[in-house]
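Presented below is the structure to which this report refers.
These values consider heavy atoms only, across backbone and side chains, with no hydrogens, waters or symmetry-generated copies. Atoms within a ligand are numbered from 1 in the order they appear, just like the ligands themselves.
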Amino acid sequence: MQQREIVVSGIRSTGFLHLGNYFGAIRQYLHMQHTHVCYFFVADYHSLTTHQDPTQLRANVYRVLAEYLACGLNPDKAALYVQSDLPETAELYLLLNMLAYKGELEKVPTFKEKIRGKHEGINAGLLTYPVLMAADILIHRATKVPVGKDQEPHLEMARNLASRFNQKFGFLFPEPVAFSESGELLKVPSLDGKGKMSKSENEMATIYLADSDDLIRKKIARAKTDAGPQAPNSPKSPEIENLFLLLKLVSAPETVAYFEQAYDNCTIRYGELKQQLADDMINLVRPIRERAAELQKDIETLKKIRKTGAEKACASAQQTLQLARSMMGIRYDE
Ligand code: TRP
């Protein structure tokens, strides 16, 4: 029998999960948990690179865990854990830092973006964010990492570190790739046509899994449109393109085809499109929101799931770390 491939992915506990997290990552976790060996975690250490409020971390971590479960992740299928519950990751991070060059870390686009305009308060954790992410992945020697498009540079760094380690110390790590079932990594656009949906910025242009029905309607109603197609089969403006992209994610293919046709023959009414989009988003979000709220009332159960997940993850992590240490020469008991 062919061995099942190993999958790792995580989401930072910096705020509320949104449709970008859902479509970029979680929807794929849901399929892969049945076909792969899966490790899905809450990246609490990563959240400390930018969000350091000790009074919020616990609730944020348990909320992400509850939202994972509410979306349909099954703790009997995948290992669901919290990053800091796996100390092996932190140790591998330390070892990998010896192989990461300052120059290449400074060139990572997400780092450049985060420090843009900043002259102080740039911590080393932010610079080495991709090294920690590589440790998350390599600690399980995973090959596939389901993530959104924005994470591609981090995966490149993980591959570089893996191959550098292998060259220097012998083969240990397969090179992981960013994975998307559709073959194309996804970027879920924000509702204002500026960039992507985000956990901590641009709240009125992002649909969160915890948003009420009314709030979803309000956000969609405020989304920008244009004056409408002026001639049959015109190209779409970026704002309208985004609305269609969202429609394709949440609505039935017939619904998308109906509005495409209405656009092409200039009979489209954006009000109707928005109404439909809001209805379909609510259909997706409401059951997740309600289940997640229930789950968050029962911290004891979440705690158990977290601990069991860490135990499962620990077995694979210890094995990798032991090998990495030994291959680097940290083997003084021999
Ligand atoms: N950087 C990812 C994000 O912002 C979160 C993350 C941390 C991650 N470690 C990971 C994703 C390992 C995949 C694998 O969404």
Side-chain angles (χ1 to χ4, degrees), residues 5-29 32-33 36-51 60-61 64-65 67-68 71 73 78-86 88-90 92-93 96 100 105 108-114 125-162 173-180 185-188 195-201 206 208-209 309 313 316-317 320:
E5 269 188 288
I6 300 173
V7 172
V8 168
S9 192
I11 297 180
R12 292 203 297 156
S13 47
T14 45
F16 290 80
L17 298 194
H18 50 74
L19 290 185
N21 299 123
Y22 185 82
F23 288 109
I26 297 174
R27 192 177 49 168
Q28 314 208 59
Y29 302 178
M32 295 177 105
Q33 65 180 343
H36 293 70
V37 177
C38 291
Y39 298 93
F40 299 129
F41 64 96
V42 182
D44 60 337
Y45 280 148
H46 275 113
S47 73
L48 297 179
T49 61
T50 52
H51 292 60
N60 280 345
V61 164
V64 177
L65 197 58
E67 287 180 327
Y68 272 170
C71 288
L73 283 189
L80 298 182
Y81 61 98
V82 176
Q83 187 180 33
S84 63
D85 280 329
L86 207 64
E88 290 80 5
T89 303
L92 183 61
Y93 163 63
L96 292 176
L105 291 170
V108 174
T110 45
F111 175 70
K112 289 206 295 201
E113 208 171 286
K114 279 184 183 145
L126 204 55
L127 179 68
T128 55
Y129 183 115
V131 185
L132 179 56
M133 183 159 158
D136 292 325
I137 300 166
L138 300 180
I139 197 74
H140 299 301
R141 285 174 275 173
T143 50
K144 283 184 184 161
V145 184
V147 281
K149 197 173 172 55
D150 58 321
Q151 297 299 311
E152 183 57 84
H154 293 152
L155 263 296
E156 194 182 323
M157 215 27 232
R159 286 192 290 276
N160 289 345
L161 292 172
F173 300 119
E175 292 184 25
V177 292
F179 177 77
S180 160
L185 299 182
L186 203 66
K187 176 182 138 189
V188 177
K196 61 184 175 87
M197 290 197 180
S198 156
K199 282 210 279 302
S200 34
E201 291 156 38
T206 296
Y208 297 95
L209 299 180
S316 122
T320 308

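When only modelled atom types and interatomic distance are considered, Ser84 and Asp44 share a side-chain donor-acceptor pair under 3.5 Å. No side-chain donor-acceptor contact under 3.5 Å links Ser316 and Arg141.
At distances below 3.5 Å, at least one donor-acceptor pair connects side-chain atoms of Thr206 with backbone N or O atoms of Ser198. A distance-only check finds no donor-acceptor pair linking the side chain of Tyr129 to the backbone of Thr110 [under 3.5 Å]. Using a distance-only test at 3.5 Å, with no hydrogens or angles considered, no donor-acceptor pair links the side chain of Gln33 to the main chain of Ala78.
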N/O pairs closer than 3.5 Å, ligand 1 and protein:
| residue | atom | partner | partner atom | Å |
| --- | --- | --- | --- | --- |
| ligand 1 | 1 (N) | Tyr129 | OH | 2.7 |
| ligand 1 | 1 (N) | Gln151 | OE1 | 2.9 |
| ligand 1 | 4 (O) | Tyr129 | OH | 3.2 |
| ligand 1 | 4 (O) | Gln151 | NE2 | 3.4 |
| ligand 1 | 9 (N) | Asp136 | OD2 | 2.7 |

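The aromatic rings of His140 and Tyr39 sit parallel to each other, their planes meeting at less than 30°, with 60° as the upper class boundary.
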